[in-house]
Number of protein chains: 2
Amino acid sequence: MIASIAERCIDKGLKMTGPRKVIAKALSQSDDHPNADTLFQRVQALDASVSLATVYRTLKLFEERDIIAKLDFGDGRSRFEQAPREHHDHLIDVQTGEVIEFQNDKIEQLQKEIATELGYELTDHRLELFGRKIEGK
Amino acid sequence: MIASIAERCIDKGLKMTGPRKVIAKALSQSDDHPNADTLFQRVQALDASVSLATVYRTLKLFEERDIIAKLDFGDGRSRFEQAPREHHDHLIDVQTGEVIEFQNDKIEQLQKEIATELGYELTDHRLELFGRKIEGK
DNA sequence: ATAGATGCAAATTGTTTGCGGAACT
DNA sequence: AGTTCCGCAAACAATTTGCATCTAT
């Protein structure tokens with residue numbers, strides 16, 4: 001296990017207020033990729049007094065501090081996950097919406113090479129695969 | 001050159017109305033990746049009577065019919081391009097916002113393999129690289 | 001003739017913000 | 001005490017939609 005979100009907040013000098021603790025906890029307990037609204041519901045289950053505005057503000061804050069990562073699966077809302085311990089990309093099941101994380105060094109390497117060839121230093125990237133489950137698998 | 005957008009619309013049995021012709025033309029003339037609003041301005045330059053709502057409706061229609069592709073570079077608005085003659089991905093210059101298209105068979109192949117390994121048939125994917133121009137290149 | 005398209009304005013959706021009060025250091 | 005944070009409601013930006021009216025087929 002890695003440093004909890006709460007610990008990482010403290011490391012970065014953020015005030016750990018009640019709402020932030022709750023949001024950090026809700027994030028820690030999520031091993032999927034909730035959007036703001038879904039996360040808000042989970043937060044509310046822990047403490048109904050926390051507002052949606054604070055969820056948004058806190059998500060933005062955490063993201064700026066690289067405590068969490070903001071994702072975009074093309075459905076118009078942002079999704080969030082704990083700042084990945086290890087970098088990974090996502091495969092989205094087009095039928096169920098299920099999200100599978102994967103990691104592949106070859107593809108990471110290849111991306112770097114492509115950027116270099118084009119005269120760029122790769123600063124970031126986004127890769128999402130969309131697929132249909134193969135029967136019998 | 002490939003079939004024009006207008007031709008592809010007719011192929012697919014779409015009514016070619018005035019506004020659609022104008023939007024198709026504006027798209028054809030764009031070799032960048034305009035968002036809806038930018039495209040709307042280009043459309044207006046050709047025919048000021050076309051409304052933004054129609055631009056949105058038509059973009060959605062064209063996209064559903066695979067006549068154009070909708071892209072997302074993470075700035076909160078969708079961007080569009082003619083359905084690519086050849087598939088390609090994008091590298092976005094983080095400093096200028098410039099978008100460079102590239103194509104790389106190895107990475108395409110690798111993505112398919114990854115999906116297969118995970119038990120999926122790849123139906124689509126999205127890859128965006130973000131980079132900083134290397135000095136002197 | 002008729003199904004489908006359009007313009008306009010109003011509605012939705014996801015997200016951000018101004019403000020007065022509350023909380024952490 | 002002072003700065004930062006919070007909840008609430010209002011504000012925003014991008015996109016969609018209801019409706020009465022046109023238009024391509």
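When reading the values below, keep in mind they use all heavy atoms of this one structure, side chains included, and skip hydrogens, waters and symmetry mates. Convention: sequence-line order gives letters A, B, ...; per-chain numbering from 1.
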>> Using whole Å, what does the distance between atom P of nucleotide D/dC6 and atom CG of A/Leu59 come to?
In response: 12 Å
>> Rounded to whole Å, please give me the gap between CG in B/Asp75 and P in C/dT16.
In response: 13 Å
> Can you find an N or O donor on one side and an acceptor on the other, under 3.5 Å apart, linking the side chain of A/Arg57 with the base of D/dG7?
Replying inline: yes
>> Can a side-chain donor-acceptor contact be found between A/Asp89 and A/His125 if the only test is distance below 3.5 angstrom?
In response: yes
> DNA chain D: A/Ser51 or B/Lys70, which has the more 5' nearest nucleotide?
Replying inline: A/Ser51
> B/Arg20 CZ to C/dG7 C1': how many Å, rounded?
Replying inline: 14 Å
>> Among C/dT6, C/dG7, D/dG7, which nucleotide has an atom closest to any side-chain atom of A/Pro19?
In response: D/dG7
> Just by distance, with hydrogens left out, do B/His90 and B/Glu128 show a side-chain donor and acceptor under 3.5 Å apart?
Replying inline: no
> Hey, which of these two, B/Arg77 or B/Lys15, hits DNA chain D nearer its 5' end, going by closest nucleotide?
Replying inline: B/Arg77
> So which nucleotide from D/dA9, D/dC5, C/dT15 ends up closest to the side chain of A/Ala53?
Replying inline: D/dA9
>> Of the options D/dT16, C/dG7, C/dT15, whose atoms approach the side-chain atoms of A/Leu52 most closely?
In response: C/dT15
> With sugar-phosphate meaning primed atoms plus P, OP1 and OP2, does B/Met16 contact a base, only sugar-phosphate, or nothing at under 4.0 Å between heavy atoms?
Replying inline: sugar-phosphate
> Does a distance-only test, which skips hydrogens and angles, find a donor-acceptor pair under 3.5 Å between the side chain of A/Arg79 and the base of C/dG14?
Replying inline: no
> Is A/Asp37 salt-bridged to A/Arg42, cutoff N-O under 4.0 Å?
Replying inline: no
> Would you say the side chains of B/His87 and B/Glu108 form a donor-acceptor pair under 3.5 Å?
Replying inline: yes
